[in-house]
**Student:** 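Structure incoming, see below.
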Amino acid sequence: MSERENESGRDVSQIVRGLGWFSIGLGLAEILMPGKLSRLIGINKEENTLALLRFYGFRELGAGIGILSQPQEPMWLWSRVAGDVVDLSSLLKALNSEENDNGKLLGALLAVAGVTALDVYCAEQLSAAGSSEGRGQRMSAQATETILINREPDEVYSYWHNYEQLPSFMKYIESVTLTGEGRSHWVAKGPGGIDLEWDAETTEERPGQFLSWRSLPGADVHHAGSVRFDKATGGRGTLLRVEMQYAPPGGRISATLAKLVGQDPGAQIKEDLRRLKQVIETGEVVASDASIHPGMHPASPPERVEDLNLALSPVS
Amino acid sequence: MKANCWMGKRDLRIQNVPDPKILNKRDAIVRITATAICGSDLHLYNGMVPTMEAGDVMGHEFMGVVEETGPGVKNLKRGDRVVVPFPIACGGCWSCSHQMYSLCENSNPNAGMAEKLWGHSGAGIFGYSHLTGGFAGGQAEYARVPFADVGPIKVPESLTDEQVLFLSDIFPTGYMGAEMCSIQPGDTIAVWGCGPVGQLAIKSAYLLGAERVIAIDRFPARLRMAHDKGGAETLHYEETDVLEALQEATGGRGPDACIDAVGLEAHTPGIVHAYDRAKQAMMLESDRPIALRQAVMACRNGGTVSVIGVYGGFIDKFPMGSFMNRSLTMRTGQTHVHRYLKPLLERIEKGEIDPSYIITHRLKLDEAPEGFAKFLAKDDDCIKVVLKPH
Ligand SMILES: NC(=O)c1ccc[n+]([C@@H]2O[C@H](COP(=O)([O-])OP(=O)(O)OC[C@H]3O[C@@H](n4cnc5c(N)ncnc54)[C@H](O)[C@@H]3O)[C@@H](O)[C@H]2O)c1
Ligand SMILES: [Zn+2]
Ligand SMILES: [Zn+2]
């Protein structure tokens with residue numbers, strides 16, 4: 001490791017520790033005096049807001065303790081980033097409401113935006129440092145997620161192996177087209193209407209057991225992934241295990257990718273796996289009155305169903 | 001359609017919202033003929049449950065007539081009269097196949113949110129915050145019922161709405177509360193809380209063979225109902241030392257099982273209440289476990305504490321020493337309603353029980369906000385409010 005990297009490494013770890021304590025402080029403040037805090041940042045002190053602030057408080061506290069106890073673990077910072085995004089969106093929402101003090105809110109918004117930038121920076125540094133060790137390629141984010149599906153491994157495997165139906169549960173994947181010789185072409189919808197595309201090739205295939213793939217040169221998103229299908233104990237179906245590695249994003253793709261895989265790629269994969277489980281066990285992705293809208297939405301029936309992107313797939 | 005919407009703490013409004021539509025193939029749309037206000041709704045009303053959004057449609061106890069079915073629903077048709085269980089269950093996951101329907105692994109689209117607070121998620125629930133899915137509830141003219149091929153039970157025309165409505169929640173809840181006590185001949189069961197759930201727990205304890213039931217509350221009308229209709233002995237907790245009275249009644253041994261039908265908003269006179277209110281305000285605990293603490297302390301050695309009152313977050317000063325050293329068992333849960341629909345409908349049909357005796361108020365849907373205020377304050381001896389949307 002060069003001198004310079006060493007320096008910046010120390011900087012990052014100092015900022016990381018600072019962010020950890022910031023999390024703990026903010027978490028405690030949110031839990032113990034949500035009223036004061038909401039006044040400080042200019043949100044109307046309504047009971048629901050307070051409950052939400054306290055809820056955020058527990059989350060902050062968890063992230064803070066995590067950061068301080070495992071400072072090399074980027075996951076905790078990514079969880080802070082995820083939290084920041086929630087905070088930002090609540091503040092933005094509050095900014096649109098007439099009852100709140102917009103001057104103070106704007107201040108809070110800028111502060112959170114600043115902290116978010118810092119969080120992203122540190123998390124990226126840690127992620128890069130973590131995954132460059134011991135691997136040929138520099139991968140910036142790595143995630144492993146598992147789920148139990150109440151079906152035999154053969155059945156779960158063949159559902160996954162039918163690549164063209166992956167968009168039925170992968171939220172951001174628009175289409176997968178087989179292009180022959182173990183290759184496929186993927187289109188993902190990014191925010192702001194930007195499509196991301198890549199070609200992938202299957203690197204290993206053991207029917208009913210294991211699948212792995214990697215993106216080919218020229219991909220918008222460099223990544224490699226694998227899925228294992230193990231028979232779970234005692235008639236519990238299939239224990240499915242996904243491992244993903246994403247290359248460091250750059251340029252135009254950077255922000256889009258961050259949104260695509262989520263600031264916390266593990267969480268995004270977990271959500272996709274939950275939907276896979278729903279599709280296999282119940283026939284389709286389960287919709288609630290709130291879940292069919294992006295972001296928070298009251299639990300009240302939708303105006304029109306035609307506009308909704310309900311991933312309806314055949315009832316099995 | 002008209003719906004009773006949560007707009008903030010103690011702020012409910014009847015609003016016009018779009019009619020529900022089929023979103024999944026196994027959905028049905030039900031035209032609601034009767035719906036009730038539950039003690040669980042009071043926790044939302046009082047702002048005790050996080051993740052409510054202004055505009056959420058309330059209500060999880062409802063029944064009605066099937067209007068429309070999705071292509072995946074083969075067992076119901078337009079015109080069928082059904083009661084809908086409050087937890088939403090897919091019928092196909094591991095939990096559902098083990099009859100733990102309120103733990104369905106597929107029905108909560110916000111499972112990730114619930115995992116943050118509880119470690120794992122339970123099933124989706126109608127009209128019960130976004131932690132349990134963000135599903136519009138049944139205090140409305142119509143409701144969308146997901147997994148309609150698994151949940152709703154058809155009810156015979158010979159029974160009135162009021163006789164079967166409580167199959168949606170509180171009759172199975174009271175029954176499960178008693179069942180979790182594993183009642184043996186000669187057993188004495190103590191029940192904290194004589195709200196609708198407590199009343200039906202008392203009845204169920206006798207149905208399941210209890211010798212004596214002792215019911216605890218402070219509202220005379222509720223204690224009277226527990227005594228006159230439920231056949232329980234009663235204790236007024238503000239006038240009696242509950243622990244002492246229970247010891248006395250059982251020769252110092254304590255009740256064989258204790259049912260907490262109170263939950264996180266328990267009340268107690270004096271300093272303990274102030275202590276828990278203060279802790280709750282500072283968020284050092286989110287729930288006030290007053291009845292629960294007492295139930296643990298009262299229970300006989302080796303006995304069972306059955307918790308059907310709802311808790312949301314964290315409690316303080318749980319008497320773990322008493323619980324551990326005296327070999328107690330705790331059983332609890334949101335009710336696995338689907339499991340009880342058929343056997344309890346049969347009991348109603350055979351005339352073994354008619355749960356409608358707990359209804360004290362019948363209102364129009366438009367009057368839901370007043371109904372909540374009355375039910376919360378126990379004004380006018382209010383015990384159970386049923387709303388008629390049509
Ligand atoms: N497990 C489930 O699936 C399920 C289903 C329905 C309701 N619930 C829960 O059951 C509980 C009761 O519901 P309900 O509809 O009867 O509500 P309710 O509010 O009408 O009844 C609660 C009763 O408890 C009494 N009480 C308060 N503090 C007490 C104390 N310290 N000792 C003894 N009694 C006390 C109150 O006076 C009241 O009569 C609620 O927490 C509700 O959320 C659970
Ligand atoms: Zn209820
Ligand atoms: Zn299920």
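All values below come from the heavy atoms of this structure, side chains included, with hydrogens, waters and symmetry mates left out. Worth saying up front: this structure is predicted, and the values here are computed from it rather than measured. In what follows, chains are A, B, ... by sequence order, proteins preceding strands, each numbered from 1.
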**Student:** For the pair A:D230 and A:R241, find out whether any cationic side-chain nitrogen is under 4.0 Å from an anionic carboxylate oxygen.
**Tutor:**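 A:R241 and A:D230: not salt-bridged.
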**Student:** Is chain A contacted by the side chain of B:S97, its backbone, both, or neither, given a heavy-atom distance below 4.5 Å?
**Tutor:**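 For B:S97, side-chain heavy atoms alone lie under 4.5 Å from chain A.
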**Student:** Salt bridge or not between A:E284 and B:K25? Use side-chain N to carboxylate O under 4.0 Å.
**Tutor:**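 No.
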**Student:** Pick whichever of B:G112, B:G124, B:C90 has the most heavy-atom pairs under 4.5 Å with chain A.
**Tutor:**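 Ranked by heavy-atom pairs under 4.5 Å with chain A, first place is B:G112.
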**Student:** Ignoring hydrogens and angles, tell me if any N or O in the side chain of B:S95 forms a donor-acceptor pair with the backbone of B:E105 under 3.5 Å.
**Tutor:**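 Flag not set: sc B:S95 to bb B:E105 has no pair under 3.5 Å.
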**Student:** Contact part of B:I88 toward chain A, heavy-atom cut-off under 4.5 Å: side chain, backbone, both or neither?
**Tutor:**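 For B:I88, neither part sits under 4.5 Å from chain A.
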**Student:** Is A:E152 salt-bridged to A:K231, cutoff N-O under 4.0 Å?
**Tutor:**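 A salt bridge is present here (some side-chain N lies under 4.0 Å from a carboxylate O).
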**Student:** Can you say whether B:M48 sits under 4.5 Å from chain A via the side chain, the backbone, both, or neither, judging by heavy atoms?
**Tutor:**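 Contact with chain A involves no heavy atom of B:M48 at all.
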**Student:** Would you mind checking if B:D19 and B:K21 are paired as a salt bridge, meaning a charged N to carboxylate O distance below 4.0 Å?
**Tutor:**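 Between B:D19 and B:K21 there is no salt bridge, as every charged N stays at least 4.0 Å from the carboxylate O atoms.
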**Student:** Pick from B:C96, B:G134, B:G92, B:C93: which one has the most heavy-atom pairs with chain A under 4.5 Å?
**Tutor:**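 Most heavy-atom pairs within the cutoff with chain A belong to B:G134.
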**Student:** Would you mind checking which part of A:D289 comes under 4.5 Å of any heavy atom in chain B, side chain (CB onward), backbone (N, CA, C, O), both or neither?
**Tutor:**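 For A:D289, heavy atoms of backbone and side chain both lie under 4.5 Å from chain B.
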**Student:** Give me the one residue out of A:L273, A:D272, A:L276, A:T146 that meets side chain to side chain contact (heavy atoms under 4.5 Å, CB included) with A:V242.
**Tutor:**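 Exactly one option meets the side chain to side chain contact (heavy atoms under 4.5 Å, CB included) with A:V242, and it is A:L273.
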**Student:** A:P298, A:S291, A:S288, A:S300: which one forms the most heavy-atom pairs within less than 4.5 Å of chain B?
**Tutor:**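 Sorted descending by pairs with chain B, the first entry is A:S288.
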**Student:** Can you tell me which of B:M58, B:R144, B:Q15 forms the most heavy-atom pairs within a distance under 4.5 Å of chain A?
**Tutor:**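 Highest number of pairs under 4.5 Å: B:R144.
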**Student:** Classify the angle between the aromatic ring planes of B:W94 and B:H98 as parallel (below 30°), tilted (30 to 60°) or perpendicular (above 60°).
**Tutor:**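 It falls in the tilted class, 30° to 60°.
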**Student:** At a heavy-atom separation under 4.5 Å, does B:Y142 approach chain A through its side chain, its backbone, both, or neither?
**Tutor:**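 It is neither, since no heavy atom gets under 4.5 Å.
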**Student:** Under 4.5 Å, counting heavy-atom pairs only, tell me which of B:G313, B:A111, B:G127 racks up the most with chain A.
**Tutor:**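 Among the listed options, the one with the most contacts to chain A is B:A111.
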